[in-house]
Amino acid sequence: MPITTKVSLVRRAPGTYETATVELDDPRQGEVTVKLAASGLCHSDDHVATGDVPVAVYPYAGGHEGAGVITAVGPDTPGYEVGDHVVFSFLPACGHCEFCAQGLSNLCDLGASLLTGARADDPTSFRMTENGNPVGQQCGISTFAEYTTASVDSVVKIGKDIPLKAAALVGCGVPTGWGSAVNSANIKPGATVIVMGIGGIGANALQGAAHAGAKTIIAVDPVQFKRDKAKVFGATHAFATIEEAADFARSLTNGQGADATIVTIGVVRGDHVGQALASIRKAGTVVLTGLGNITEAGAPIALGDLTLMQKRLQGSLFGESNPRHDIPNLLRMYQAGQLKLDELITREYTLDEVAQAYEDMHAGRNIRGLVVFD
Ligand SMILES: NC(=O)C1=CN([C@@H]2O[C@H](COP(=O)(O)OP(=O)(O)OC[C@H]3O[C@@H](n4cnc5c(N)ncnc54)[C@H](O)[C@@H]3O)[C@@H](O)[C@H]2O)C=CC1
Ligand SMILES: N[C@@H](CCC(=O)N[C@@H](CSC=O)C(=O)NCC(=O)O)C(=O)O
């Protein structure tokens, strides 16, 4: 029997999140239904509302960073039981496509089918409907929901001793930011690193850079609250502009510049990429993690920067993380006191307050806002 559940969805882009009640399918083979405990508020869901990340189906139920408890398991779905605690990974990992087989599970072929949120094996089949009409599921999971049904390729089982509010964050923001530093920027001990944009992603890029042994970690954010918080997550210095940060990096490196600059700005424009490239040394790396509209305000990228200075511009999806390895590993680090998760949560919201939470994001009031369910 399909149940109904409250979700927060957008009906058009540009649009805003609103609460609605939808029908939720029972889990089929290879699926589980989960009662959400908490869901992080990532800027990517705002991109869906603004239209910067266009999706193919409206209404679209948001949320892709959550944790909860399994309430139903599909038939012939071994390894999962009612009562198991799980984290959702915003990218599925099937384990056997060409990219998973190469160890690039963040690029799993199943991810590419998701911009409708339909079932990967049947693009006409939706797990959520409203009066019988399809409702898109963000990243195939939709964690702005009291209950959701998703593929087991998108869930990772975790220990019942781990607080679910903290666990929710390792479904997107923590591995994306951490991995942008540790995997994509490949930071070495002693490095000079700039992180542009201190939200849920940038704060974790700071944590990753610190763990990788960077000596100088420079946070850039126009908002004073963000610059203050950056110090909590490992920044050694903080500036309001990339120009100030780049000047400071050059002053420490014989005029060369940072070894790496990680771009985790909420809405990335072309000029941000040019500024980041100008801030690094010869053969340095810019990691582009933020999404947005890079054709807008597109100050040209100096090709000489890339070719003659042999600089690297590296895109990064999910911080090149492997959900089945990195989610449990990050949680072990949290339990050992080596990774800050609770400190990332700066405000809690109800499901009805998602639109307010995104207003707060635009106003720079949070590192990570969190929807908490009863
Ligand atoms: N590549 C990937 O796998 C993923 C990418 N993302 C993207 O990462 C970006 C960051 O996401 P969140 O941390 O959730 O966003 P957020 O909105 O919480 O944080 C962004 C920060 O950028 C700052 N900012 C704005 N303009 C700036 C500038 N010119 N210089 C420096 N800082 C500036 C803002 O004040 C804010 O603190 C978004 O575009 C999001 O869609 C998110 C998840 C995964
Ligand atoms: N499914 C995509 C992979 C890219 C992706 O997941 N994009 C996210 C934003 S990044 C995470 O914060 C997104 O908003 N996706 C919408 C969706 O429903 O998938 C692909 O492989 O193309």
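All ligand and atom numbering here is 1-based and tracks the order in the structure.
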For this session: Could you name the option among Ala205, Gly319, Gly199 that has the heavy atom nearest to atom 19 (O) of ligand 1?
Result: Gly199

Exercise. Against heavy atoms of Met361, which atoms of ligand 1 measure under 4.0 Å?
Worked result: 17 (O), 18 (O)

Problem set entry | Salt-bridge criterion met for Glu359 and Arg365 (N-O under 4.0 Å) | no

Exercise. Looking only at heavy atoms, what is the nearest atom pair of Gly257 and Ala249, with distance?
Worked result: C-CB, 4.3 Å

Problem set entry | Sub-3.5 Å N/O-N/O distance, Cys172 and ligand 1 | no

Exercise. Centres of the His64 and Phe88 rings: under 6.0 Å?
Worked result: no

Exercise. Judging by distance only, is a nitrogen or oxygen of Cys42 under 3.5 angstrom from one on ligand 1?
Worked result: no

Exercise. Heavy atom under 4.0 Å from ligand 1: found in Lys226's side chain, backbone, both, or neither?
Worked result: side chain

Problem set entry | Atoms in ligand 1 with a heavy atom of Gly200 nearer than 4.0 Å | 13 (O), 18 (O)

For this session: Of all the heavy-atom pairs spanning Ser154 and Ile141, show the shortest one and how long it is.
Result: CB-CG2, 3.6 Å

Seminar exercise, completed: Looking only at non-hydrogen atoms, the one of Ile194, Val267, Val220, Val48 nearest atom 31 (C) of ligand 1 is Val220

Seminar exercise, completed: For Arg368, the ligand 1 atoms with a heavy-atom partner under 4.0 Å come out as 12 (P), 14 (O)

For this session: Would you confirm whether His85, through its side chain, and Asp161, through its main-chain N or O, come within 3.5 Å as a donor-acceptor pair?
Result: no

Exercise. Which ligand 1 atoms, with their elements, are less than 4.0 angstrom from a heavy-atom of Val223?
Worked result: 35 (O)

Exercise. Taking the six-membered ring of Phe373, is the NZ or CZ of Lys35 close enough (under 6.0 Å from the centre) and on axis enough (within 45°)?
Worked result: no

For this session: Report the relative orientation of the aromatic rings in Phe318 and Phe90; use parallel for angles under 30°, tilted for 30 to 60°, perpendicular for over 60°.
Result: perpendicular

Exercise. Is the closest heavy atom of Ile242 to ligand 1 under 4.0 Å?
Worked result: no

For this session: Answer side chain, backbone, both or neither: which part of Leu317 comes under 4.0 Å from ligand 1, heavy atoms only.
Result: both

Exercise. Is a side-chain donor or acceptor of Ser321 paired with a backbone partner of Pro175 at a separation under 3.5 angstrom?
Worked result: yes

For this session: Please name the pair of heavy atoms, one in Tyr147 and one in Met128, separated by the smallest distance, quoted to 0.1 Å.
Result: O-CE, 4.2 Å

Exercise. Asn366 to ligand 1: N or O pair under 3.5 Å?
Worked result: no

Problem set entry | Pick from Leu41, Ile367, Asp221: the one approaching atom 35 (O) of ligand 1 most closely through a non-hydrogen atom | Asp221

Exercise. Which atoms of ligand 1 are found less than 4.0 Å from any heavy atom of Ile198?
Worked result: 21 (C), 37 (O)

Exercise. Which pair of non-hydrogen atoms, one from Ala166 and one from Leu341, has the smallest distance, and what is that distance?
Worked result: O-CD1, 3.7 Å

Exercise. Gly292: heavy atom below 4.0 Å from ligand 1, yes or no?
Worked result: no

Problem set entry | contact_flag His362 ligand 1 heavy-atom lt 4.0 Å | no

Exercise. Between the side chain of Thr192 and the main-chain N/O of Ala258, is any donor-acceptor distance below 3.5 Å?
Worked result: no

For this session: Would you check whether Phe318 has a nitrogen or oxygen atom less than 3.5 angstrom from a nitrogen or oxygen atom of ligand 1?
Result: yes

Exercise. By number and element, which atoms of ligand 1 are closer than 4.0 Å to a non-hydrogen atom of His43?
Worked result: 11 (O), 12 (P), 14 (O), 15 (O), 16 (P), 17 (O), 38 (C), 40 (C), 41 (O)

Exercise. Which of the numbered atoms in ligand 1 are below 4.0 angstrom from a heavy atom of Thr264?
Worked result: 10 (C), 20 (C)

For this session: Answer yes or no: does an N/O atom from Leu291 fall short of 3.5 Å to an N/O atom of ligand 1?
Result: yes

Problem set entry | Nearest heavy-atom neighbours spanning Phe225 and Gly364 | CD2-O, 3.4 Å

Problem set entry | Sub-4.0 Å atoms of ligand 1 with respect to non-hydrogen atoms of Gly290 | 7 (C), 8 (O), 9 (C), 39 (O)

Exercise. Where do Arg269 and Asp271 land on the salt bridge (Lys or Arg N to Asp or Glu O under 4.0 Å) test, with the steps shown first?
Worked result: CA-CA 6 Å; Arg269 302 186 315 246; Asp271 55 340; 2.8 Å; yes

For this session: Looking only at distances, please establish whether an N/O atom of ligand 1 is found under 3.5 Å from an N/O atom of His64.
Result: no

